[in-house]
Amino acid sequence: MVGLIVAIIVFNVIAFKTNRTLTAHQILHIWMFTIAFQQLFDLMIEYKYHGYWYFDQEIDWLGLLPHTLLIPPVNIMFLNWYPVHKTLIQKAAYIVLWVIFILLYEVITKLPEPWGYFHYGWWKLWHAAILDPFLLLILLSYYKLISCLEKRAIQK
């Protein structure tokens, strides 16, 4: 629990103190998209198939903390620092570095209490290594969509 609270505070402070790119509207969109998308994914992997879980295998109030306050600021940091005007190689390297960061963090979350709070069922780290780039690309696509819609709304 201690590790989760520290991570929530650190990630949120970094996300909001370093933000230079995202508007408040975009942050709200990303925050809500992250919660909805993670809940949709976890509904199947966490709750139906018991691939992994936070704290314990049952649905509980503590499990809402990582779903609502931990992952959204990480996505905000990812998008805020994304190298929009760089080469495809630099963009791919950026995504690879973020996947490495996420995997390292996932390893830390598996530490014993009070630092750890994440547990594996059949899910393994290599599952995350394969899936995380796709999840980041989905997030990036959603961000591009809301940015495009914002520009279109301003032009009207």
Side-chain angles (χ1 to χ4, degrees), residues 1-19 21-22 26-84 88-147:
M1 183 70 172
V2 172
L4 175 61
I5 292 169
V6 168
I8 286 171
I9 292 168
V10 169
F11 292 162
N12 276 280
V13 167
I14 292 171
F16 287 101
K17 289 287 186 183
T18 63
N19 180 37
T21 307
L22 303 175
Q26 291 170 335
I27 289 172
L28 179 61
H29 267 279
I30 295 305
W31 203 283
M32 292 296 111
F33 172 79
T34 301
I35 292 171
F37 192 67
Q38 183 177 5
Q39 288 293 46
L40 179 66
F41 187 82
D42 283 356
L43 184 66
M44 300 307 287
I45 302 300
E46 182 177 351
Y47 302 122
K48 181 174 172 78
Y49 296 115
H50 306 289
Y52 56 77
W53 57 89
Y54 300 95
F55 300 107
D56 60 51
Q57 287 185 310
E58 300 301 317
I59 297 172
D60 59 0
W61 290 104
L62 283 177
L64 289 176
L65 293 174
H67 286 100
T68 59
L69 299 175
L70 180 70
I71 309 303
V74 173
N75 285 346
I76 289 168
M77 289 186 289
F78 171 79
L79 292 170
N80 185 51
W81 302 329
Y82 185 77
V84 176
L88 186 59
I89 299 286
Q90 290 169 313
K91 291 175 183 179
Y94 180 80
I95 291 172
V96 168
L97 288 174
W98 267 92
V99 169
I100 291 168
F101 165 75
I102 293 167
L103 294 175
L104 289 174
Y105 183 75
E106 192 168 312
V107 168
I108 291 169
T109 64
K110 293 185 50 49
L111 290 173
E113 288 281 346
W115 297 103
Y117 58 91
F118 191 62
H119 307 280
Y120 284 159
W122 55 264
W123 189 267
K124 302 296 180 219
L125 195 63
W126 68 267
H127 290 107
I130 292 170
L131 197 58
D132 285 351
F134 294 104
L135 296 175
L136 291 172
L137 288 171
I138 290 168
L139 172 67
L140 189 58
S141 297
Y142 182 75
Y143 171 68
K144 288 179 179 180
L145 172 66
I146 62 173
S147 295

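Just the heavy atoms: all of them, side chains too, but no hydrogens, waters or symmetry mates, feed the values below.
- Surrounding CD1 of Ile89 are at most 12 heavy atoms belonging to other residues, nucleotides or ligands under 6.0 Å away.
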Mind running side chain to side chain contact (heavy atoms under 4.5 Å, CB included) on Phe16 and Ile27 for me, showing each step along the way? CA-CA 10 Å; Phe16 287 101; Ile27 289 172; 4.0 Å; yes

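- The ring pair (Phe, Tyr, Trp, His ring centres under 6.0 Å) test applied to Trp122 returns His127, not counting sequence neighbours.
- With sequence neighbours excluded, the residues that form a ring pair (Phe, Tyr, Trp, His ring centres under 6.0 Å) with Tyr105 are Phe11.
- For the atom pair Phe118 CZ and Leu111 CG, the distance stands at 13.0 Å (nearest 0.5 Å).
- Side-chain atoms of Asn19 never come within 3.5 Å of backbone atoms of Ile76 as a donor-acceptor pair (strictly under, hydrogens ignored).
- Distance CG/Leu131 to CD1/Ile102: 10.5 Å, rounded to 0.5 Å.
- Nearest heavy atom pair, residue Tyr117 against residue Glu113, reads CA-OE2, 4.3 Å.
- Here side-chain hydrogen bond (donor to acceptor under 3.5 Å, both in side chains) pairs that include residues 133-143, with residues two or more places apart or in two chains, are His29-Tyr142.
- The shortest distance between side-chain heavy atoms of Glu46 and Phe41 does not fall below 4.5 Å.
- Every ring pair (Phe, Tyr, Trp, His ring centres under 6.0 Å) that Phe37 has, sequence neighbours left out, goes to Phe33.
- Once rounded to the nearest 0.5 Å, the distance linking CD1 of Ile35 with CG of Leu40 reads 13.5 Å.
- Separating the CG atom in Leu22 from the CH2 atom in Trp31 is a distance of 12.0 Å, to the nearest 0.5 Å.
- In terms of heavy-atom proximity, Ala128 sits nearest to Pro133 at O-CD, 4.4 Å.
- Contacts of Phe101 classified as ring pair (Phe, Tyr, Trp, His ring centres under 6.0 Å), with partners at least two apart in sequence or in another chain: Trp98.
- Using a 4.5 Å heavy-atom threshold, the side chains of Pro114 and Met1 count as separate.
- Taking 4.5 Å as the limit, every side-chain heavy atom of Leu79 sits out of range of all side-chain heavy atoms of Thr21.
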Kindly indicate, with the supporting measurements, whether the criterion ring pair (Phe, Tyr, Trp, His ring centres under 6.0 Å) is fulfilled by Tyr120 and Tyr52. CA-CA 4 Å; Tyr120 284 159; Tyr52 56 77; 7.7 Å; no

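- At a threshold of 4.5 Å between non-hydrogen side-chain atoms, the residues Met32 and Leu28 count as touching.
- Interatomic distance, Leu140 CG to Tyr94 OH, rounded to the nearest 0.5 Å: 9.5 Å.
- Contact of the Val99 side chain with the Leu103 side chain is registered, since non-hydrogen atoms from C-beta on lie closer than 4.5 Å.
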Name every donor-acceptor pair, under 3.5 Å, that has one atom in a side chain of residues 61-75 and the other anywhere in the protein, sequence neighbours excluded.
unit_1: His67; atom_1: ND1; unit_2: Gly63; atom_2: O; d: 2.5
unit_1: His67; atom_1: NE2; unit_2: Asp42; atom_2: OD2; d: 2.6
unit_1: Thr68; atom_1: OG1; unit_2: Leu64; atom_2: O; d: 2.6
unit_1: Asn75; atom_1: ND2; unit_2: Thr34; atom_2: OG1; d: 2.9

Side chain to side chain contact (heavy atoms under 4.5 Å, CB included) between Trp123 and His50, worked out: CA-CA 8 Å; Trp123 189 267; His50 306 289; over 6 Å; no

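- Annotation for Tyr49: atom OH does not count as buried by contact number, only 12 or fewer foreign heavy atoms lying within 6.0 Å.
- How far CG of Asp132 is from CG of Leu137: 11.0 Å, rounded to the nearest 0.5 Å.
- A donor-acceptor pair under 3.5 Å is absent between the side-chain atoms of Lys110 and the main chain of Gly116, judged by distance alone.
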Worked verdict on Leu139 versus Leu135 for side chain to side chain contact (heavy atoms under 4.5 Å, CB included): CA-CA 6 Å; Leu139 172 67; Leu135 296 175; over 6 Å; no

